[in-house]
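Below is one structure, written out as structure tokens; the observations come after it.
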Amino acid sequence: MVSDGGLPLLPDVALVVPPRRRRLSREDAGEALGVEYLAAVLRQRGHRVRVYDATLLGWDTARLARHLLGEQPGLVGLSLVLPRMVREGIRLAVLLRRGGYRGPVVAGGYTPSLAYREFLGEATGVDMVVVGEGEATFAELVDRWRDGADPAAVDVPGVARRGGDGCAELTPGRLLVDVDALPFPDRDLLPAVLARGEPAAVYSSRGCWARCSFCAIAAFYGLGRGPRWRGRSPQNVVEELGRLVRDYGVRQVNFVDDNWVGPGEKGRDRALAFADLMEKQAWQVEFMVSARPEDVEVELFRRLKQVGLRRVFLGVESGVQAALDRMGKGITVADNLRALRVLEELGLEAIPGFILFDHGTTLAELEENLAFLARTGILSRAFNSRMDVLNRLEVYPGTPVEEELRARGLLRGDYLDYRYPFADWRVDLAYRVGRLAYSLGGLLGRR
Ligand code: B12
């Protein structure tokens, strides 16, 4: 391709986030940081990139396909980080191929990475999957493609694609991302996110050292060789926040780290150093973090509140010890109660993650958990808010619970929609009634 000035025109990459749900919902307006990181890395290397988030655009998959077919980007990158996006991404690729699109289609995200065989078996329009963190691998793939190589043939570490026999195969030796060396994400989507009244997203650390049975993060970040948790330096994070304030007038930030306080003393020191730096800034932002209950230590969180912490997504999950143990949480009910109490005393809003139902739930546990929810005030808060505590444990590819249920012959459905039976039919009934009540609550405007 040649541009007007006779210079070679760089190929276009479209980074596409398919719809997160069938219908647009306010809760889904979060900033898709993954594509913004990829856009920054690719642009640094001279590629022309456009970013599309269907939810923010208010487009369904058919509309997205029509638009891309009109634009004819050189390469399409599908960001499939949420379960619904995976389905829509598969459909989008089919629509693109039906419409005559011939460029490479590359997917990334949790399920495509952790179940690449099943995914590539089904996603006939997708050529390959970048497994795990995308920056290094995708950049190398796109560079090689720009240099004229067929991406389906180049040997970039960490790419899964169909082999000669049609079966998916993975090139070994995945590249690990150095978190402080990454450019800040290009904020293509932020203006639309802010216009919806949602906070900016920032990723200050990657991975998690815990092994909760339902979580895919450990497996996903474990796909690369290196430490299971990598925190950016406080200086690097605060510099990014400063730019968000200056360039976009950001006032609220959602840290999307799975585990914002890092491991042990090192994590605590990093958090305190972050607070010291925040205090020195002329600007202020309010921020939210996700934390494990044992990390909620009164002095640390008091300090964080002084520099803008307002809300904590807390991985409580259950008020029943046997259920916490089944979920591999590595915490006690006492840890949960203590963390909730500390946050309340400090006047910080706690948003507890809660899983009331799993494959081992008994009727007695259900009673115990409801008493816990009532005692901690979570139940009454949930009743009047967007908080959903009547959740069932969802099984995702790459998680320890997937392995366990498969080994026990309890896994039904497929990798995009796993199901499992409850141990007791009365628990099943309680779950159905609970979900119905929750939907009715929504219809009656209680939330
Ligand atoms: C913010 C967030 C949301 C936001 C939306 C985020 C978005 N991007 O659209 C909201 C609040 C809507 C949300 C909802 C849900 N979420 Co959520 N969410 C997150 C969270 C905390 C951060 C995502 C993020 O920005 N990460 C930072 C960026 C940089 O990483 P990334 O997106 O993974 O991108 C990297 C790679 O995946 C890859 N990559 C991504 N896209 C692409 C594209 C290409 C072409 C390539 C090559 C590579 C690539 O490279 C990127 C850079 O390294 C993650 C956990 C986490 N820490 O990642 C959970 C997470 C993604 N959510 C999860 C879940 C389960 C949900 C819910 C289903 C929860 C629920 N029960 O309701 C709902 C889904 C609702 C729905 N409509 O489908 C799970 C997904 C598990 C799985 N295996 O699929 C995660 C991993 C949490 C967890 N610990 O299990 N979520």
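Read the numbers this way: they start at 1 and go in the same order the structure lists the ligands and their atoms.
The shortest N/O to N/O separation between Ser79 and ligand 1 falls below 3.5 Å. Between Asp257 and ligand 1, no N or O atom pair is found at a separation short of 3.5 Å. The shortest N/O to N/O separation between Val256 and ligand 1 falls below 3.5 Å. On a distance-only criterion, Tyr110 and ligand 1 share at least one N/O pair closer than 3.5 Å.
Residue Arg206 has at least one heavy-atom neighbour below 4.0 Å for each of these atoms of ligand 1: 53 (O).
Of the listed residues (Pro112, Gly77, Gly34, Pro83), the one carrying the non-hydrogen atom nearest atom 28 (C) of ligand 1 is Gly34. Ranked by closest heavy atom to atom 76 (C) of ligand 1, the top entry among Glu198, Glu133, Met128, Arg20 is Arg20. Counting only non-hydrogen atoms, the option in Asn254, Asn259, Val130 that gets closest to atom 47 (C) of ligand 1 is Val130. Here atom 15 (C) of ligand 1 lies nearest to Leu82 when heavy atoms of Leu82, Asn391, Val35, Val16 are compared. With distances taken over non-hydrogen atoms, the option nearest atom 51 (C) of ligand 1 out of Gly134, Ala32, Ala218 is Gly134. Comparing heavy-atom distances from atom 52 (C) of ligand 1 across Glu36, Glu88, Glu135 singles out Glu135 as nearest.
Relative to the six-membered ring of Tyr221, Arg211 misses at least one condition, a distance below 6.0 Å or an angle of at most 45° to the axis.
Not less than 6.0 angstrom separates the ring centroid of Tyr415 from the ring centroid of Phe119.
Heavy atoms of Glu394 found under 4.0 angstrom from ligand 1: none, in either backbone or side chain. Using a 4.0 Å cut-off between heavy atoms, Phe214 makes no contact with ligand 1 at all.
The backbone N or O of Trp209 lies less than 3.5 Å from a partner atom in the side chain of Arg228, making a donor-acceptor pair.
Looking at residues two or more places apart in sequence or on another chain, you find no salt bridge (charged side-chain N to carboxylate O under 4.0 Å, His left out) involving Asp295.
Looking only at side-chain heavy atoms (C-beta outward), Glu394 and Phe214 stay at 4.5 Å or farther from each other. Between Leu393 and Met327 there is a side-chain heavy-atom pair separated by less than 4.5 Å.
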